[in-house]
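Numbered from 1 within each chain, the chains take letters A, B, ... in sequence-line order.
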Amino acid sequence: MSEAMQPANFIEGIIMEDLETGKHKQIVVRFPPEPNGYLHIGHPKAICLNFGLAEKFGGRCHLRFDDTDPEKESIEYVEAIKRDVKWLGFDWGEHLYFASDYFEQLYEYAIELIKKGLAYVDDLSAEEIREYRGTLTEPGRESPYRNRSVEENLDLFQRMRAGEFPDGSKVLRAKIDMASPNMNMRDPVLYRIKRATHYRTGDEWCIYPMYDFTHPISDALEGITHSICTLEFEDHRPLYDWVLENVSVPCRPQQIEFARLTFSYTITSKRRLLRLIEEGYVDGWDDPRMPTLAGARRRGFTPEAIRDLCDRVGVAKKNSVVDIAMLEHCVREDLNRRAPRAMAVLRPLKVVIENYPEGQVEELEAINNPEDPSMGTRKIPFSREIFIEQEDFMEDPPKGYRRLAPGREVRLRYGYVIKCEEVIKDDEGNVVELRCTYDPNTLGGVTPDGRKVRGIIHWVSAAHAVPAEVRLYDRLFTIENPGEVEDFWNYVNPESLVVLKDCKLEPSLAEVEPGDFFQFERQGYFCVDIVDSKPGSLVFNRTVALRDTWAKIQKRQEKKG
RNA sequence: UGGGGGAUCUGCUAAUGGUAGGCGAGGUGACUCUGGAUCACCGGGUCCAGGUUCGAAUCCUGGUCCCCCAGCCA
């Protein structure tokens, strides 16, 4: 750490001070997910923050599963979360932990609390406890069981563990203050009886510790120095500190809260996402439209882009909504730098170049990535019959349209200038084919007579084209705040997925592997679907479209009328 | 309404008593064999009202608005 180092956010400020004052020699932080679901696009903020802090300040970051509710958790989620964290590019090394590994110690700490007269077994029902808790404005009342003797509490708690009492019949509560203005301090429940098989401890336990008791102790046991969590735990902090003060733990971690990451046009509520799946709006947790990391990965969002985004949004305590365009920008920026270019015609229109010799094939040289010359070049076959994009031809083009139209010229990318001589239509008047001529002197981007050809379009040789399915993905919702409306399903973007089955790819794309990504020139970034793509029946997903200035101009013209 | 937090361009975020800056979005232009990319430029902000100070986004006082908390979830 250099002296010139500036804290990037208030948490770094705290850490730098703790390091400078010698409060800590080394920092230890943790990412503590509950394995009860998939990680979503908001989680990387916490992951990058914690692992990033460890990297930056030479400390370490633990991955700890906060698995104290056996009814919701499973090993599948553990594996999914590990995969996602790794995918993002972070390594917890040896430091993989489970709160469930601390159950025995947690139990001993509970005994300690009881012995100190700071915890008691309560026979009130869940409903009674709620009633006794009071409200935001009225103090709670003390349970009639609150003043049991230490001996009786010890006996009862041991028998809770031994399974002598039915589920829900008793709990262990901290004895703090039923009149506290902080609801969390009104004798919070520490342990509940729950006969559920835990995915790791099986049926060894029938009592399970609560978060507020488990978390501070787990942190202390692991030597966590800074326990970073989200804003909603702010008023749990007094309880976090209370536990650490009253139990003989080896150290005293500090809880620090920050604002979670949320995006416009996105929901992350598990309940709501599940509904989208169950009602068929999307195809599952890894549907490329889903805000899960599994979905983002399948969509083609890169870990580099997501990490870059986390750097850019910063860390603060203000609840905020990041414009999803920021994520899209980061994805484009990363892929622009790294994605090989290719030509792919999504909605093909056949073009016959009448003055080009039948049977002749030329190999034209194309640049793999103008941003990175080291990626080299490739050859693309050109022949008499090609496909171009339907939208690159208009019979009656508006002002400003640079592409093909009857009698007009356009340049084929890396190829010749062609001119549209004739439009062939079917019985219904649809354009089905174009007859063109080419100018043999225009190869290599030149026009010997100096005439300007503004339009450049992509194309694929018909005889050499590789067929593929292309799935055009777009934002899942049409409104900025789908998380805030009741009937969010009414705002699912009907065009969030458009499937194109008759796409034509340049032949170099025949041998792609799942997960490979490309820029289809003039269109966007696409990746080979990791689930459905097979050799011979390729499936590409559009990760994000290229910025489209022409579309913007058109939209503006439409608005003007 | 008790308690805990938060308010800086349209969005995110910096400036910790000393020139309100960056990124994204939007707009304009240059350039270009991707209407891409790149580059340049433009507009635009300290929640309000007082106070302290040579000087306030920052400190003080009083308001306003927003978020979180009444699980045997985390």
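- Counting non-hydrogen atoms under 4.0 angstrom, A:R312 reaches the backbone sugars and phosphates but no base.
- Nucleotides B:A7 and B:C12 place their P atoms 11 Å apart, quoted to the nearest Å.
- At the heavy-atom level, A:G400 lies under 4.0 Å from base atoms of the strands shown.
- Within 4.0 Å (heavy atoms only), A:R403 reaches at least one base atom of the nucleic acid.
- Glycosidic conformation at B:G55 (O4'-C1'-N9-C4 for purines, O4'-C1'-N1-C2 for pyrimidines): anti, more than 90° from 0.
- Side-chain contact check for A:L346 versus A:Q523: some heavy-atom pair is nearer than 4.5 Å.
- Using a 4.0 Å heavy-atom cutoff across all strands shown, A:R402 reaches at least one base atom of the nucleic acid.
- Using modelled atom types and a 3.5 Å distance limit, the side chains of A:Y120 and A:D187 yield a donor-acceptor pair.
- With the nearest nucleotide of RNA chain B identified for both A:R522 and A:S320, A:S320 has the one nearer the 5' end.
- Checking A:Y191, A:Y109, A:F165 one by one against A:F157, the ring pair (Phe, Tyr, Trp, His ring centres under 6.0 Å) holds for a single residue, A:Y191.
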Inset, instruction - Kindly express the pairing pattern of RNA chain B in dot-bracket notation, using | wherever a base pairs with another strand and counting only Watson-Crick or G-U pairs under 3.5 Å. - result: .((((((...(((....[..)))..(((((.......)))))....(((((..]....))))))))))).....

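- Taking atom P in both B:G43 and B:G29, the straight-line distance is 16 Å, to the nearest Å.
- On the P atoms, B:A40 is 27 Å away from B:U46, given to the nearest whole Å.
- Here A:V171 lies in heavy-atom contact (under 4.0 Å) with a base.
- When only modelled atom types and interatomic distance are considered, A:S264 and A:E480 share no side-chain donor-acceptor pair under 3.5 Å.
- Neither side chain, A:S125 nor A:E127, offers a donor N or O lying under 3.5 Å from an acceptor on the other.
- Contacts of A:A316 with the nucleic acid, taken as non-hydrogen atoms under 4.0 Å apart, involve only primed sugar atoms and P, OP1 or OP2.
- Proximity of the aromatic rings of A:Y438 and A:Y416 is defined here by a centroid distance below 6.0 angstrom, and this criterion is met.
- Near RNA chain B, defined here as any heavy-atom distance below 4.0 Å, the residues from residues 230-242 of chain A are A:E232, A:F233, A:E234, A:D235, A:H236, listed numerically.
- A:V315 comes within 4.0 angstrom of sugar-phosphate atoms only, judged by non-hydrogen atoms across all strands, and of no base.
- Interface limits on RNA chain B: the 5'-most and 3'-most nucleotides within less than 4.0 Å of chain A heavy atoms are B:U1 to B:A74.
- At a threshold of 4.0 angstrom between heavy atoms, the contacts of A:V321 are confined to the sugar-phosphate backbone, with no base atom among them.
- Counting non-hydrogen atoms under 4.0 angstrom, A:I367 reaches nothing in the nucleic acid.
- With respect to the salt-bridge test (charged N to carboxylate O, under 4.0 angstrom), the residues A:K379 and A:E363 do not qualify.
- Nucleotides B:C9 and B:A74 are separated by 37 Å at their C1' atoms, to the nearest Å.
- There is no side-chain donor-acceptor pair under 3.5 Å between A:S180 and A:N182.
- Base contact: A:T137 has a heavy atom under 4.0 Å from a base atom.
- Checked by atom type, the side-chain pair A:N369/A:E371 shows no donor-acceptor distance below 3.5 Å.
- Aromatic pair A:Y77/A:Y38: ring centres closer than 6.0 Å.
- Rounded to whole Å, the separation between the P atoms of B:U19 and B:A56 comes to 12 Å.
- Nucleotides B:U10 and B:G5, compared at atom P, are 29 Å apart to the nearest Å.
- A distance of about 23 Å separates the C1' atoms of B:C59 and B:G21, rounded to the whole Å.
- Look at A:E73 and A:R200 and you find no salt bridge, because none of the NZ, NE, NH1 or NH2 atoms lies under 4.0 Å from a carboxylate O.
- Using a 4.0 Å heavy-atom distance criterion, A:E34 is classed as a sugar-phosphate-only contact.
- Residue A:F10 is out of contact with every strand shown, counting any heavy-atom pair closer than 4.0 Å.
- Within the 4.0 angstrom heavy-atom criterion, base atoms lie near A:S125.
- B:G26 and B:G45 have their C1' atoms separated by 16 Å, with the value rounded to a whole Å.
- Note on A:K194 versus A:D69: salt bridge recorded, some NZ/NE/NH1/NH2 to OD/OE distance being below 4.0 Å.
- Considering A:E222, A:R30, A:Q254, A:Q255 in turn, A:R30 is the only one that fulfils the side chain to side chain donor-acceptor pair (under 3.5 Å) rule with A:S227.
- Looking at heavy-atom distances under 4.0 Å, A:L124 makes contact with a base.
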